[in-house]
Each structure stands twice: as C-alpha cells, then as structure tokens.
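Written below as structure tokens is the structure these notes are about.
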Amino acid sequence: MSDYIFYPGCSMESSAKAYYDSVMAVSKPLGISLKEIDDWNCCGATEYLSLDRMPAYSLIARNLALAERQAADTRTVVAPCSACYLNLSKTDHYMGEDKAFGEKINEALAAGGLHYSPGELVVRHLLDVVLNDVGLDAVKAKVVRPLTGLRVVPYVGCMLPRPDYGKRYSDTERPTELDDLMRALGAEVVDFPLKTACCGGHMTQIGPDTAFELIRRLVSSAVGCKADVMVALCPMCQMNLDAFQSQMNGHFHADYRMPVLFFTQLMGLAFGEKPEKLGFGSEFVSAREAMSRIGVATPQPVVEGAAARPRKAAGLPMPPPRVTARQSTGKD
Amino acid sequence: MSPDRKPQERVGVYVCHCGSNIAGVVDVADVGEWAGKELEPHGVVVARDYKFMCSSLGQELIAKDIKEQGLTRVVVAACSPHLHEPTFRTACSRAGLNPYLFEMANIREQDSWVTTDKLEATKKAKALIAAAVGRVVHQQPLESLFVPVDPNVLVVGGGVTGIQAALEIANSGRHVYLVEREPSIGGHMAQFDKTFPTLDCSACILTPKMFDAGNHKNITMLTWSEVEKVEGHIGNFTVTIRKRARYIDESLCTGCGVCWEKCPKKVVDQVFEAGLGFRKAVYTPFPQAVPKYPVIDRENCTYFQKGTCKACETYCPAGAIKFDQQDEHLTAKVGNIILATGYDLFDSRKITNYGYGRLANVFSSLEFERMTNAAGPTMGRVVLRDGVTQPKSVAVIHCVGSRDKNYHNYCSAVCCMQSLKSAHLIKEKTGGDVYQFYIDMRTPAKTYDEFYQRIIREGVNMVRGKVAEITDTALEPGEEGKLVVQVEDTLIGRQRRIPVDMVVLSAGLEARHDAKEVAQRFGISCSADEWFIERHPKLDPVATMTDGVFVAGACQGPKDIPSSVAQGAAAAARVLSIIGQGQIEIEAATAIVDEVSCVGCKQCVPSCPYRAIEYLAVEGRAHVVEALCKGCGTCVGTCLSKSISLKHFTDDQIVAEVVGAMRVMKSFETTAVA
Amino acid sequence: MLTQEVAMRTPGQSNIEMCIQCGTCGGSCPSGSAMDHTPRAVFALMRAGMRDAVLKSNMPWMCVSCYCCTVRCPQDIHITDVMYTLKNMALEAGTIQDEIASDFSKAFIRYVENYGRSFEIGLAGIHSLTHMRLAARLPNMVPMAIRMLTKKGMLPLPPKRIKGIDDLKKILKRAKSMEAA
Amino acid sequence: MSEPKIIGFLCNWCSYRGADAAGMARMKYPPNVKIIRVPCSGRISPELVLRSLREGADGVMVLGCHIGDCHYATGNHRTAKRMPVLKKLLEYAGIDPERLHINWVSAAEGERFATVMKDFTEKISALPPFVETMR
C-alpha cells in the first residue's frame with residue numbers, strides 16, 4: 001500500500017458520486033491508500049480566477065498548505081478531477097516561478113495561520129498515478145473480467161494534458177495514457193480524434209448554444225466511431241456529456257444515446273467489483289445496454305436519461321445559425 | 001611571480017572614441033588624461049584619445065609615437081580584440097615593434113555597449129586599461145611560426161554548395177577531395193522539380209554541374225563516404241575518410257542498370273524519394289546520379305540477410321558485383337576544409353494537430369517536391385495518397401516548425417517562396433483551388449516579390465493566419481471526407497474552417513541531426529539551433545573561429561539556392577587566397593617546459609588535447625612539441641610544479657592584469673568612501 | 001501601457017507583449033465563433049491602448065479554459081491566464097456588457113466563500129431563473145435538476161460548511177485587499 | 001556595502017565572444033566584472049583564482065565553452081574536473097565557495113552571458129566584502 005494525499009473536490013460529493021465510489025473501490029486492488037486532506041475547500045474551478053486572482057489563488061493555496069502540514073510518508077497530492085488538478089498544480093507552479101506572487105499568497109494564507117512552500121508537494125492526477133506508479137502490468141494482473149468486446153472512446157478533455165506544467169503527459173493534443181489503460185483492461189479502444197477537444201466547460205451555464213455544439217461534436221463523433229461508451233476522467237466533462245446530452249439532443253432535434261462513464265468505473269468492472277459498488281446506474285444516459293453487450297448487468301438509472309425526445313428524427317444535425325454565424329467555409 | 005616590479009618599459013596608451021560608440025558613454029578625454037597621470041608609475045609615457053584608432057590616421061599616430069617617443073609597449077583601448085587586434089598588431093610591427101608587445105583593452109563590447117551609467121562605464125574603462133598596462137609590460141616579443149600550406153582541399157558535402165566550391169577550386173588547378181555521405185552527389189536540389197522564382201527545371205541546371213564535378217581531373221569524388229577523423233591544423237590537416245563498401249567494383253561497373261532491374265527486393269526510399277517512392281536493394285538514388293555506380297543496401301539485400309538470391313551478380317554483364325567488398329579507410333592530406341553539409345527537413349510529425357503521418361493526405365513539402373517532379377514516383381502528377389485521385393482543393397501551410405518557440409524559433413527563409421512555387425505548380429497541374437496560409441509573406445530578394453504578385457494573379461487564395469489544426473472530423477455539411485483546415489483569418493478577424501482534399505506542409509529547415517558531432521570533429525562550434533557558427537556574421541560569413549575550416553550553404557543557417565551557391569564560391573575564394581600565400585602564420589603562443597624545475601610527474605602529458613607533450617624518459621622530464629601545440633594552456637593549469645608556461649599567457653602576465661584591475665577598482669572605493 | 005498592465009497582473013512570465021498576430025489562438029478557440037473579437041484581435045486592441053474596447057469585449061468571458069491557444073501559441077504566451085486577468089480588470093472597471101457569465105461566476109463563488117465548498121451544478125436551476133435568456137431553457141433545466149435531486153447522493157442542499165470557514169474568510173479578506181497594491 | 005569587485009576569466013573562443021555578443025546586442029549588465037581573456041578555461045590554475053581573491057576580488061568567475069564545444073576539444077574537461085575540487089578547498093579554507101563561479105557560455109549566448117553576469121554580481125553583493133571575511 002503506497003500512501004497519497006487525496007483531494008477529492010466538490011463534484012465527488014454530489015454529481016460525480018459514481019466517480020468517488022469507483023475510485024474508492026479500485027484503490028484497494030491498485031494498492032494505493034488515499035488520505036483525504038482534512039477540511040479541504042473548493043478549488044474555485046475556473047470561476048474564482050475569473051473574478052479576482054488573489055483570493056482565487058489563496059483559496060487554492062489553502063488546500064496545498066493543509067496538505068503540506070498533513071504530508072508525512074508522501075509528498076504527492078492526488079486529484080481525480082482535471083480542473084482541481086490543474087488549479088492545484090497551477091498555483092504551486094506560479095508560486096514557485098513568480099516569487100513575489102508566491103509571497104503575496106503566503107501573506108494571505110498567514111491571515112488564516114497557514115503557509116505553503118512552493119515545490120514542497122507534487123500535484124498529480126489519478127490517471128498519472130495509476131499509469132506511472134501502479135503501472136500497466138500491475139493493472140493487467142488485477143484484471144479478472146476483461147472488457148473484451150467493449151468499444152471504448154477514451155475522452156481526456158483539456159485540463160489534464162494542457163498546459164501540463166509538470167510535462168507528465170505524452171502529448172498536449174493526443175495523449176495516449178487513457179488509451180493504454182483501457183487497452184490494459186481488455187477494451188477495444190477507438191483512436192478518438194477529439195480526445196482532447198473541449199466539453200463546453202461552464203458554457204452549459206452561460207452560453208448553452210456554444211456548449212451544445214461542443215457537446216454535439218464529441219458525442220456525434222463518438223457515435224460515428226461506433227463506440228459503446230465514452231470514458232471520462234473529469235467530473236465536469238462527464239456531466240456535460242452525460243447530463244446535458246438530452247438537452248443537446250433537444251437543441252439539435254437529434255437522438256444520440258452515448259453513455260459516458262468514469263475510467264475508474266470500467267477499471268472496477270474489470271477488477272471484478274460489483275457494478276452497484278461502482279456507481280453504475282447514476283448516469284443519465286443508461287450504460288445498461290452497452291454493458292450487457294459484454295455480459296455485465298448494470299442497474300437501470302432511476303430516471304431514464306435522454307428524456308427529451310426529438311421532435312422529429314434528424315440526419316446529421318445542422319449546427320444552429322448563431323454558432324456558424326461567424327464561421328464561413330471559405331467557399332464564400 | 002613579480003608583477004609589481006617597477007617597469008623600465010615605455011608604454012603608450014590610446015583611447016578610441018569609436019565615434020560615439022565609446023565616447024557617447026565613456027568620458028574618453030578623462031580616461032586618456034587619467035592614464036597619462038595615474039599610470040605613469042606603471043610605465044605609461046604617452047596617453048592619447050582619438051576618434052577612430054583603427055583609421056589609418058589612428059594607426060599612424062601609434063607608429064609616430066613608437067618612433068619618436070621610443071615606445072616599447074602599446075595599449076589600445078577600443079573594441080574587441082576579435083575585431084581589431086590583427087589591425088593594431090600589424091601597425092606595431094610596421095613601426096618596428098614586435099606585435100606581441102601590443103595589448104588591447106575592450107572598452108566597447110565589454111564596457112560602453114553594456115553599461116548604462118556613464119560614470120561606472122568610465123571607471124570600468126580605467127580598470128580595464130590599467131589591467132592591460134599591467135599586463136603589457138610583462139609581455140615578451142614572440143616570433144610567429146610559418147608553415148607551408150598544403151594546396152589540396154577537402155570539401156564535405158556534395159550538394160549544390162559543395163559542388164560549386166569544389167568546381168571553383170578544381171578549375172583553379174588545385175586538387176579537391178569531395179566527400180558525400182549518400183550514393184550520389186546532388187543533395188536536396190536534385191530532389192526538386194522547379195526552382196523559384198524563375199521556375200526553371202532544377203535537374204536541368206544542376207546535372208551539368210554534377211557531371212563536371214564527377215569528371216573533373218582535379219576532383220577526387222568520394223561518395224557513400226564520411227569523414228571520420230580530422231587531425232592537424234590550417235596548412236596541413238590529415239583527414240581519415242571511411243569509404244563504405246558499395247559491393248560494386250567501380251572499375252568494372254558500366255552503370256547499365258541491369259542489376260537494379262533484376263533485383264527482386266523493393267524498398268521504400270526514405271531519403272531521395274522522401275518516403276513517397278520505392279527503390280531496389282541495389283540502386284542509384286536517381287537516373288542522373290553521379291557517380292553512375294549503384295550501391296547495395298546491406299540491410300535490405302536478400303543475399304546479405306538470407307544468404308541467397310545474388311540476382312544482381314547473376315545478371316551483371318560486367319561481373320562488377322563484389323559481395324565481399326569491405327569498407328576502406330583513406331587518409332588525405334589537405335591544407336583547408338570547406339563544410340557544406342546542408343540541412344535536414346523539420347519532421348512535421350512533431351506537430352500533432354497538423355496530423356502529418358496520421359492523416360493520409362497531409363504531405364510534407366519534400367514529399368510534394370518529389371510528387372511534382374516529372375522523374376518522381378507519380379511522374380509529376382499531383383494526386384492523393386491513393387495515387388490516382390486528383391485533388392480539387394489544396395492547402396499550402398507556411399511556417400511549419402518555424403517561427404514557433406515550441407519547435408524552431410527562427411524563420412526558415414525559403415518556405416514562403418517554396419510555398420508560392422508549390423501553389424503555382426498545383427494550379428498548373430490540377431487547376432484546383434489553392435489556399436496559402438501564412439503569417440507574414442517574406443519575399444526579400446531580387447524578383448521574389450514579383451513572383452508573389454504573379455501567384456496572386458493566378459488566383460491563389462491567400463489567408464493570413466497560422467493554421468490551428470487540420471482535422472478529418474466533419475462538423476459541418478461539406479466537410480465529410482475532407483481535410484478541414486481550421487484557422488483564424490486574421491485579416492477579417494474570424495474563425496474559418498476550410499475543407500480541402502490535400503494539405504502540403506512547408507516544413508522548416510533544421511540543422512543536420514548530427515551537426516554537433518560534425519562540428520566537434522572539425523573543431524568548430526554550433527549555435528543554440530545547432531547551425532555552424534561563422535567567424536563574423538557580416539564581415540566573415542564563411543570562415544570559422546578555427547583557421548582553415550570554412551562553412552558554406554545551409555549548414556550555417558537556412559538559405560535558398562542562390563545564396564548557397566554564392567557561399568560555396570565565396571568559401572572557395574577564401575581557401576584559394578590562403579593557398580596563394582603559400583605559407584601561413586600559426587599560433588606563436590605555445591607552451592614551453594622549464595627543463596630545470598620539471599620533475600617529470602607526467603601529469604601534463606594526458607592533459608594535452610593534441611598529444612603535443614612527450615615524456616623524455618632519459619632526461620626524466622616533459623617536452624612540448626611546438627608544431628603540435630595549439631596554445632590552450634591546459635597543461636599549464638595542470639602542472640603542479642609550475643614548470644610549464646604558455647607564451648603570451650604566462651602567470652605573471654595574467655596576474656599583472658588582475659593586479660592592475662584590482663588596484664584601480666580599490667582606489668575608486670577609497671575615493672568613494674572619502 | 002495597457003499591455004504592460006495586463007502582463008503585471010498575470011502571474012509568471014505571460015509573454016503577452018510578444019504576440020506576432022498569427023491567429024493561432026483565434027483559430028484554436030472552441031468558442032471562437034461566439035466571440036465579438038478573437039483573442040489575437042484583443043491583443044492588438046491592447047497594443048493600440050484601446051482600453052475600453054478591450055474591457056468591453058465578451059471574448060475573455062467566452063473562454064472555456066481549454067488551454068489549446070496556450071499550448072499552441074508560437075510565442076509561448078500564457079493566453080488562458082491573460083483571459084482571467086482581462087476578466088478581473090473588466091469587473092473592476094465595470095465595463096461588462098453581458099453579465100450572464102460574471103453572474104454565474106459570482107453565484108458560484110458566493111457559495112464557496114460562505115461554505116468553503118461549491119454548490120455545483122445545483123446552481124443550474126437557480127442561475128437560469130435569474131437570466132431571461134437562460135430561463136427559456138428552464139423546461140429543460142428544471143426536470144434535469146429534479147432528476148438529479150431524485151438520485152441518491154446528488155446535490156446535497158445546502159453544501160456542507162467546512163470547519164475552517166472562519167479562517168478561510170480571513171484569508172480571502174486579506175487576499176482581496178491586495179490586488180489594488 | 002561597497003560595490004563587489006569581480007574578476008572573470010573567459011576563454012577566448014566561446015565565453016569571451018559570448019561577452020562580445022552581449023555587447024553587440026547592447027544588453028546591459030553590472031560593470032563589476034572585469035574580464036580577463038585566456039585561450040582556454042583549462043589554462044586557469046587554482047593559483048590564479050586564489051591570487052585574484054588575495055588581490056581583493058570578492059568573486060571570481062571561470063567561464064568556458066560548453067562541454068563538447070571546446071575549441072581545444074577537451075581543454076574545458078579539465079576545468080570541469082578542476083574547479084569543483086577548488087571549490088571544496090575554498091570551503092575547507094573557510095572561504096565561501098560561492099565566491100567562485102564556473103559556467104559555460106557559447107559564442108552565441110550573449111543574452112545568457114548577461115544573465116550570468118547579473119546573477120553572479122547579485123549573489124556576490126549579498127556577501128560581505130572578501131577582505132572583511134578574512135580579518
């Protein structure tokens with residue numbers, strides 16, 4: 001058992017409960033013990049940085065300070081959420097690179113009786129730990145129920161491979177880590193062209209039309225790739241693609257039904273854990289049919305996902321005018 | 001060491017204004033006056049400041065003082081010795097003073113140009129002059145050694161630059177060894193179809209030169225060969241050349257081509273055809289190859305791999321196939337070396353979002369050159385990777401790997417024109433839509449911009465914007481099955497997605513992958529981007545800091561054909577002028593062993609990079625072979641009994657320099673305190 | 001100089017002054033089509049010292065923080081971080097044209113500042129109620145929120161407050177007093 | 001404290017030309033360093049460093065070509081071996097080894113040269129004058 005300091009992040013307690021459960025379920029077989037940062041706080045996502053940089057960074061730094069104080073056998077902080085991961089590593093990075101800035105942040109922390117020395121901790125995403133500390137061979141060794149026959153689209157999203165302060169990932173545009181892991185679980189992996197394209201982020205809240213288009217791009221090309229499921233490693237990505245899929249369908253009069261799961265859920269399955277323990281059934285677009293294809297029975301979501309039925313069947317959905325308004329095909 | 005002894009020398013100090021370059025920051029009048037007064041006890045008898053010391057009037061000033069004031073030492077405080085030390089040394093010797101009794105204080109590059117505070121700059125100038133004066137009185141007259149120049153020349157690299165250099169020298173009646181790594185000379189130019197801006201056929205203008213080089217009585221051409229070792233110095237280098245086994249007897253081979261017709265083994269040609277076409281295991285890269293003899297590619301030859309086949313041998317009418325041929329090592333004695341090793345093409349795979357190597361119809365510029373070449377794999381037809389479909393629309397993308405801190409920060413100089421040329425060829429051959437995606441259009445040479453205008457008139461779409469990504473994922477109607485170029489058209493400030501059938505990436509030029517090793521082998525240095533460094537960017541563009549080693553063409557930095565050819569000829573001219581002198585002055589500042597104090601510990605022997613130190617067993621002491629010594633002084637730094645000294649860089653000279661500088665710096669402190 | 005001011009308010013070496021106007025950012029931006037100016041254009045406006053135009057632009061507010069522009073920028077400009085700075089400055093200057101984005105951020109942070117944890121997409125409903133444009137989507141939004149509530153473990157209302165909330169408030173208070181400096 | 005006095009031993013082929021390059025690019029750096037040109041950093045014997053300190057220098061720099069780029073092939077290899085040992089000796093003698101700085105600057109690295117100058121001057125300014133430490 002190797003120890004890690006664990007920063008779950010807010011989503012893990014609500015919308016991404018499935019992620020939390022599955023992370024906990026796989027941590028034992030992976031031989032990693034996650035020690036939660038005591039009394040951690042929200043990282044502010046991208047919202048606080050937009051409003052006021054000093055408090056934003058101080059908010060994040062409080063977690064680092066707490067973690068540093070708590071650090072005993074390990075200096076590694078693990079975050080399962082890409083946004084949290086980026087915020088924590090960004091703060092550590094800039095406090096180190098920009099000394100004056102770092103001192104200011106510590107000045108703020110001091111008001112709460114805290115201090116963080118940049119570089120003291122190493123912030124990493126769970127995927128990185130699984131691949132580089134546990135290792136694919138160890139993962140393979142744990143697989144008792146290979147996902148043979150399951151066609152998976154690995155969706156990495158933005159904030160893991162970019163900007164990648166620690167240079168931990170194979171590429172900023174087409175990283176292969178998640179693909180390799182899924183392959184290790186026996187799944188059939190799609191070389192997904194949009195694997196690091198944006199899921200819409202907070203645009204679902206402030207510019208739905210833009211968000212829906214970005215979601216459509218991902219879902220429709222996943223469908224185009226004949227995938228059974230999409231796999232995500234960030235609560236925000238998963239929610240945008242899963243929870244907002246029905247609205248996207250409504251918006252484009254389309255009828256996509258692409259289940260979006262967390263990579264830890266599939267890992268759990270492959271390790272032989274019970275679907276119930278892995279949060280299956282809490283997704284909006286049911287993964288039931290997809291999973292049944294590999295002989296796994298997963299609970300039916302409480303409320304059926306893609307509720308908004310399309311008014312009429314549509315072929316390739318046309319993007320709404322507002323999205324294309326400023327785009328011209330060059331033929332004009 | 002006794003640097004403080006009262007000198008009997010009569011020193012003249014000359015402070016140069018260099019227009020306002022120095023005088024604008026340093027108070028030269030004050031410095032001159034100060035030197036005359038403060039440095040008098042250290043031997044200064046004359047101190048002057050003058051507008052341009054390097055001017056003939058400035059030099060005469062020194063000569064006059066040497067004669068009339070009986071100066072025995074001269075210090076000029078001006079620019080970097082790398083610029084004018086030779087000038088003033090000559091001036092001194094013309095006036096009868098040994099050139100090694102002259103010293104320079106660098107108060108421009110290392111003072112006036114790098115210091116903002118005028119007072120500080122003036123102080124620094126004084127310190128530097130005091131250091132020079134301190135040193136100069138300890139300098140000893142030295143007699144330079146002269147060595148004869150071997151008139152033979154080595155040219156490394158058989159591209160258009162190397163060919164040009166070799167021909168110039170050979171035509172002047174001197175002998176040239178032309179060494180080329182590939183089976184044939186010709187380089188990148190031989191791969192091209194047309195050359196900008198004249199659009200004349202590359203082969204048509206190159207092959208005659210190749211033929212001349214191949215058949216010149218004064219050129220020993222060594223293809224499929226590499227230089228492995230370089231010893232010696234300007235005037236007489238000894239180079240070891242590895243001539244790789246061709247497995248062909250050149251004395252028998254007629255170049256008839258039966259062997260490669262009969263050879264059953266097809267290989268993708270990654271070098272000449274840039275991976276777009278095939279060759280056999282026994283091959284010449286292209287029909288007009290010089291020399292005409294093929295080579296057998298051991299790694300791919302069925303006989304060498306499996307022990308059977310020998311088809312080539314069976315069918316060769318001349319019996320020229322020699323499977324037992326071995327690599328040869330030849331040594332050549334030359335007086336000068338010209339490096340014309342060219343460039344590598346940037347590997348566009350590194351830019352993942354451009355999809356090269358993943359998206360079939362994204363081509364590199366070199367692939368495209370082969371494609372449009374009438375003698376190339378597609379006989380000059382512009383087609384998609386399937387080999388048949390003609391593209392209806394093509395995007396040509398500039399600055400791929402250039403002007404980008406993620407890859408190469410510099411401009412590759414040739415891509416704009418090359419891209420425009422490609423655009424023209426595509427239009428001509430397909431009549432389809434052509435898009436140029438550029439950041440800035442750079443056409444800075446004779447008739448280049450006219451060419452740009454011609455291409456605009458031909459109806460090529462110009463889009464100003466660095467392409468963000470190339471994708472085969474359709475998002476909008478009309479994009480299915482196409483490559484979509486996503487870009488901001490910066491002139492209208494809008495995002496555009498432009499569907500095309502084919503994309504050509506104008507990849508940048510980069511230094512040869514082994515440039516650093518080659519530089520080390522020839523004792524020259526590389527820039528951060530690994531281009532070879534010239535002696536002076538403006539005034540000495542083809543020489544290097546290593547005498548007798550010259551650089552020409554793209555190995556020194558991105559260049560188009562005209563500039564490369566010009567440099568090839570320029571390097572040849574430099575070499576010929578040295579040969580013309582018959583003999584050359586070499587470093588007089590060599591190391592010497594004190595026979596008395598040397599205890600023969602042998603520490604110095606291995607420290608010498610040139611094996612110039614031998615241990616005399618009988619006398620039980622070390623001895624420096626002057627002809628081999630290059631005066632680095634590493635042995636001096638190593639010697640524990642201080643028995644070796646380096647002429648012109650003796651301990652007391654260096655210490656005196658330190659003492660001089662420190663004395664003045666300290667004096668300023670005390671005055672500051674007071 | 002506006003450019004310098006932005007650079008100063010961005011942590012680390014933002015390189016913003018190095019822009020060569022190539023448009024890689026504008027071309028890469030997933031929400032570029034929804035922006036009044038592309039990032040490149042705004043950098044040009046910054047150079048021209050057109051503060052008002054810069055701070056009125058909706059561009060930074062459309063940023064989804066995908067960092068594509070940042071990693072692709074040939075001049076290594078930390079564009080995404082500059083976006084945050086521009087948003088900070090626009091809020092200070094009170095030049096925002098369309099409050100929908102800033103209000104969402106504020107709503108989100110209001111919870112964080114008072115609970116130490118975020119209320120997360122439960123906001124969706126609340127936030128949309130306050131915005132006509134989004135209210136149009138309520139038919140979609142509300143059932144979703146309901147569905148979420150019906151799922152066990154989802155959307156605890158309100159979020160649980162962290163123990164060190166008072167210290168956190170002190171820290172934030174101190175930090176807020178700084179940006180002026 | 002008073003302005004630190006620094007002696008810089010620069011090899012003729014890389015570092016000295018790097019210094020010239022800084023000049024040609026008009027890069028500004030503190031005037032404290034007085035440059036002494038030697039053919040190769042390998043020429044610098046420990047005595048020269050110690051003597052400079054004895055003459056009142058607060059810091060000494062030895063700059064050469066990057067390893068592999070040495071004009072004399074392997075001259076700077078000696079420097080790379082020799083100077084760290086000297087640093088140890090200084091420490092042993094109760095002299096702050098930070099006062100001796102070894103670095104590699106190529107002819108092309110004008111900007112880098114200026115930075116090296118700034119950094120070392122800063123570092124030495126932070127220390128008390130050498131003479132005082134010797135009292």
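Please read these numbers as outputs of a predicted model, since none were measured by experiment. The chains referred to below are lettered A, B, ... by the order of the sequence lines, with proteins before strands, and numbering in each begins at 1.
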Identify which of [options] forms the greatest number of heavy-atom pairs closer than 4.5 Å to chain D.
| options | value |
| --- | --- |
| Ala121(B), Ala528(B), Pro81(B), Ala661(B) | Pro81(B) |
| Gly633(B), Cys635(B), Cys632(B) | Cys632(B) |
| Glu120(B), Met665(B), His648(B) | Met665(B) |

Minimum-distance pair of heavy atoms, taken over all atoms of [X] and [Y]:
| X | Y | result |
| --- | --- | --- |
| Ala107(D) | Ile533(B) | CB-CD1, 4.5 Å |
| Val38(D) | Phe649(B) | CA-CE2, 4.0 Å |
| Pro31(D) | Lys124(B) | O-CD, 3.6 Å |
| Arg535(B) | Arg17(D) | O-NH2, 2.7 Å |
| Gly75(D) | Thr634(B) | CA-OG1, 3.5 Å |
| Ala108(D) | Ser527(B) | CB-CA, 4.2 Å |

Point to revise | Trace of the side-chain contact (heavy atoms from CB on, under 4.5 Å) decision for Asp651(B) with Glu47(D) | key: CA-CA 9 Å; Asp651(B) 279 347; Glu47(D) 290 83 346; 5.9 Å; no

Give a yes or no on whether a salt bridge exists between [X] and [Y], defined as a side-chain N under 4.0 angstrom from a carboxylate O.
| X | Y | value |
| --- | --- | --- |
| Arg108(B) | Asp20(D) | no |
| Glu657(B) | Arg37(D) | no |
| Lys516(B) | Asp69(D) | yes |

Are the side chains of [Y] and [X] in contact, using a 4.5 Å heavy-atom criterion?
| X | Y | value |
| --- | --- | --- |
| Glu669(B) | Glu3(D) | no |
| Lys630(B) | His71(D) | no |
| Ile35(D) | Asn106(B) | no |
| Arg135(B) | Ile36(D) | no |

**Study point:** Check: Val655(B) main-chain N/O paired with Arg51(D) side-chain donor or acceptor under 3.5 Å
**Key:**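 A pair under 3.5 Å: no.
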
Practice item. For Lys666(B) and Glu55(D), indicate whether the former's side chain and the latter's backbone hold a donor-acceptor pair under 3.5 Å. Key: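 Yes; judged by distance alone, with no hydrogens or angles, the pair exists.
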
Check your understanding: Of all of Met27(D), Arg112(D), His66(D), Arg78(D), which one pairs up most often with chain B through heavy atoms under 4.5 Å apart?
Key ->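 The option with the most such pairs is Arg78(D).
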
Review point. Between Cys65(D), Ser45(D), Ser106(D), Ala73(D), which shows the greatest number of heavy-atom pairs under 4.5 Å with chain B?
Key: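 Highest number of heavy-atom pairs under 4.5 Å: Ser45(D).
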
Review point. Is it the case that Arg82(D) and Thr638(B) place a side-chain donor and acceptor less than 3.5 Å from each other?
Key: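 Yes, a side-chain donor-acceptor pair sits under 3.5 Å.
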
Would you indicate whether [X], at its atom [atom1], is surrounded by more than 12 heavy atoms from other residues, nucleotides or ligands within a distance under 6.0 Å?
| X | atom1 | value |
| --- | --- | --- |
| Glu231(B) | CD | yes |
| Lys118(B) | NZ | no |
| Lys88(D) | NZ | no |

Review point. Which members of residues 517-525 of chain B, sorted by number, sit under 4.5 angstrom from chain D on a heavy-atom basis?
Key: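 Checking residues 517-525 of chain B against chain D gives Gln520(B), Gly523(B).
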
Exercise for review: Can you measure from CG (Asp58(D)) to CE (Met662(B)) and round to the nearest 0.5 angstrom?
Suggested key: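 Answer rounded to 0.5 Å: 7.0 Å.
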
For [X], is it the side chain, the backbone, both or neither that has a heavy atom under 4.5 Å from a heavy atom of chain B?
| X | value |
| --- | --- |
| Asn12(D) | both |
| Ile7(D) | side chain |
| Met24(D) | both |
| Arg26(D) | both |
| Tyr16(D) | both |

Point to revise | Asp529(B), part contacting chain D, at a heavy-atom distance under 4.5 Å | key: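 Nothing of Asp529(B), per the 4.5 Å heavy-atom cut-off to chain D.
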
Review point. Quick one: which of Asp117(B), Thr116(B), Thr115(B) gives a side chain to side chain contact (heavy atoms under 4.5 Å, CB included) with Lys28(D)?
Key: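 Exactly one option meets the side chain to side chain contact (heavy atoms under 4.5 Å, CB included) with Lys28(D), and it is Thr116(B).
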
